[in-house]
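Just the heavy atoms: all of them, side chains too, but no hydrogens, waters or symmetry mates, feed the values below. To find a chain, count down the sequence lines: A is the first, B the second, and so on, and within it residues start at 1.
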2 protein chains.
Amino acid sequence: MDLIEIYQCLCDATRLRILHLLTRGPLCVCHFQDILNVPQTKVSQHLSYLRKRGLVEVTRHANWMIYRLPAHPPRELEANLKCLQDCTAEDKRFRADLKKLAKIQSGCGWIAAALKDAPACCQS
Amino acid sequence: MDLIEIYQCLCDATRLRILHLLTRGPLCVCHFQDILNVPQTKVSQHLSYLRKRGLVEVTRHANWMIYRLPAHPPRELEANLKCLQDCTAEDKRFRADLKKLAKIQSGCGWIAAALKDAPACCQS
DNA sequence: TACGAATATTCGCAACGACGAATATAGATC
DNA sequence: GATCTATATTCGTCGTTGCGAATATTCGTA
């Protein structure tokens with residue numbers, strides 16, 4: 001994995017928030033929409049950008065696409081994600097994202113359930 | 001200092017090499033030219049980019065402009081520079097840069113001499 | 001097999017970045 | 001003050017990026 005490409009992925013606020021959330025575990029697109037409060041198209045475009053460069057992986061569960069960090073990220077990515085966590089630990093916006101994430105995760109147990117079924121909390 | 005701006009500075013190969021060199025100490029433009037082997041205009045443009053965002057500081061010594069990292073960089077910058085060093089430790093190109101740097105530094109003692117005089121090694 | 005829900009892709013556009021070429025500036029020296 | 005040296009800035013161009021709007025795809029379900 002190219003270090004420059006990693007930094008290119010990190011230098012957009014939306015992608016930064018996405019990656020930051022993914023360090024806590026896998027998420028589907030509708031969760032990103034909810035937490036980040038941005039239009040679906042925008043989320044998908046950034047996820048596509050990240051996927052093309054190998055920073056995230058995706059699996060389909062019925063209609064839902066579950067995004068996650070690679071199982072064994074290369075050293076450079078791991079180091080930078082760790083650094084990102086340190087740098088955002090006291091940031092208001094990133095903390096707010098985590099708070100929203102916690103609410104969603106407690107609302108439905110599908111993530112803990114190893115993604116065996118479609119996330120019930122996505123069903124409107 | 002904005003985290004996004006830091007990443008924007010890091011996502012170009014030339015700037016990455018410049019910052020990497022600066023973690024070893026101050027340098028003047030002609031040294032960057034020598035080590036990186038890129039045209040003067042390009043070096044100046046990237047240094048200007050970095051200066052505008054506060055990642056480097058500059059002082060003039062006669063005709064020479066001495067660039068350095070800020071004396072007390074903010075947490076985010078410090079963390080990322082540390083991460084950069086980790087990520088590049090085994091990289092061929094970055095190691096070659098350091099090798100060239102060592103040669104230049106041993107060739108003239110002006111950096112150790114606290115920049116009291118114009119760097120003799122710059123004088124052609 | 002038609003439809004709805006979740007998500008992806010394409011398109012057009014404005015902004016930005018990288019680069020080389022040309023030009024400008026600032027200080028030292030004669 | 002003319003000139004030289006080190007460095008900075010400007011300009012034109014080209015590729016990339018971010019975004020919203022529109023459209024397409026994929027899967028489950030009736």
Side-chain angles (χ1 to χ4, degrees), chain A residues 2 4-18 26-53 55-68 104 108 110 115 117-124, chain B residues 2 4-18 26-53 55-68 104 108 110 115 117-124:
Chain A
D2 185 13
I4 301 282
E5 278 195 333
I6 292 180
Y7 287 129
Q8 284 172 342
C9 288
L10 294 174
C11 71
D12 172 89
T14 305
R15 289 197 292 269
L16 214 49
R17 295 170 76 195
I18 287 176
L27 281 173
C28 74
V29 179
C30 55
H31 287 150
F32 289 121
Q33 278 181 255
D34 281 356
I35 298 174
L36 306 179
N37 196 30
V38 295
Q40 177 262 322
T41 296
K42 191 168 163 178
V43 174
S44 273
Q45 282 168 341
H46 283 298
L47 286 169
S48 164
Y49 186 107
L50 293 170
R51 188 155 45 100
K52 200 171 296 177
R53 287 155 183 83
L55 294 231
V56 303
E57 294 174 352
V58 63
T59 55
R60 175 184 287 276
H61 279 252
N63 270 337
W64 294 269
M65 304 294 275
I66 312 290
Y67 283 84
R68 72 194 72 205
I104 283 177
C108 75
W110 69 274
L115 308 167
D117 298 297
C121 52
C122 287
Q123 299 162 10
S124 58
Chain B
D2 184 14
I4 301 282
E5 279 195 333
I6 293 179
Y7 287 129
Q8 284 172 342
C9 288
L10 294 174
C11 71
D12 171 89
T14 305
R15 288 197 293 270
L16 214 50
R17 295 169 76 193
I18 287 176
L27 281 173
C28 74
V29 179
C30 57
H31 287 149
F32 288 121
Q33 279 182 252
D34 280 357
I35 297 173
L36 306 179
N37 196 30
V38 295
Q40 178 262 322
T41 296
K42 190 169 165 178
V43 174
S44 274
Q45 282 167 342
H46 283 297
L47 285 169
S48 164
Y49 187 107
L50 293 171
R51 187 155 45 100
K52 200 171 294 176
R53 287 155 182 83
L55 294 229
V56 303
E57 295 173 352
V58 64
T59 54
R60 175 184 286 276
H61 280 251
N63 270 336
W64 295 268
M65 303 294 275
I66 312 291
Y67 283 85
R68 73 194 70 207
I104 283 178
C108 75
W110 68 274
L115 307 167
D117 298 297
C121 51
C122 288
Q123 299 161 10
S124 57

May I have the distance from [X] (atom [atom1]) to [N] (atom [atom2]), rounded to whole angstrom?
X	N	atom1	atom2	answer
B/L50	C/dG17	CG	P	12 Å
B/M65	C/dT25	CE	C1'	11 Å
A/L36	C/dT7	CG	P	13 Å
B/E5	C/dG17	CD	C1'	14 Å
A/Q8	D/dG18	CD	C1'	14 Å
B/Q33	D/dA6	CD	C1'	9 Å
B/W64	D/dA8	CH2	P	13 Å
A/D34	C/dT7	CG	C1'	14 Å

At under 4.0 Å, does any side-chain N or O of [X] touch on OP1 or OP2 of [N]?
X	N	result
B/R15	C/dG17	no
B/Y49	D/dT9	no
B/R60	D/dT5	no
B/H46	C/dC19	yes

Heavy-atom check, side chain of A/R53 versus side chain of A/Y49, under 4.5 Å =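 Side-chain contact under 4.5 Å: yes.
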Would B/F32 and B/L47 satisfy side chain to side chain contact (heavy atoms under 4.5 Å, CB included), going step by step from the backbone distance to the final call?
-> CA-CA 10 Å; B/F32 288 121; B/L47 285 169; 4.1 Å; yes
Could you work out which one of [options] sits closest to the side chain of [X]?
X	options	result
A/C30	D/dA8, C/dT7, C/dA28	C/dT7
B/N63	C/dA18, D/dT7, C/dA26	C/dA26
B/C28	D/dC27, D/dT7, D/dT9	D/dT7
B/A62	C/dG17, C/dA28, C/dT7	C/dA28
B/T41	C/dA28, D/dG28, D/dA8	D/dA8

Checking B/R15 side chain against B/C11 main chain: does a donor-acceptor pair fall under 3.5 Å?
-> no
For B/R17 against B/I35, the heavy-atom pair lying closest together | NH2-O, 4.0 Å
Could a donor-acceptor pair under 3.5 angstrom be found where the side chain of B/Q40 meets the base of C/dG20?
->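 No, the side chain and the base share no sub-3.5 Å donor-acceptor pair.
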Could you tell me whether the side chain of B/Q45 has a donor or acceptor atom within less than 3.5 Å of a complementary atom in the base of D/dT10?
-> yes
Touch check for A/F32, heavy atoms < 4.0 angstrom, all strands: base, sugar-phosphate only, or nothing?
-> nothing
Please figure out whether A/C11 or B/V29 has its closest DNA chain D nucleotide nearer the 5' end.
-> B/V29
Applying side chain to side chain donor-acceptor pair (under 3.5 Å) to B/Q33 and not counting sequence neighbours gives none
Roughly how far apart are A/D2 CG and A/Y7 OH, rounded to 0.5 Å?
-> 11.0 Å
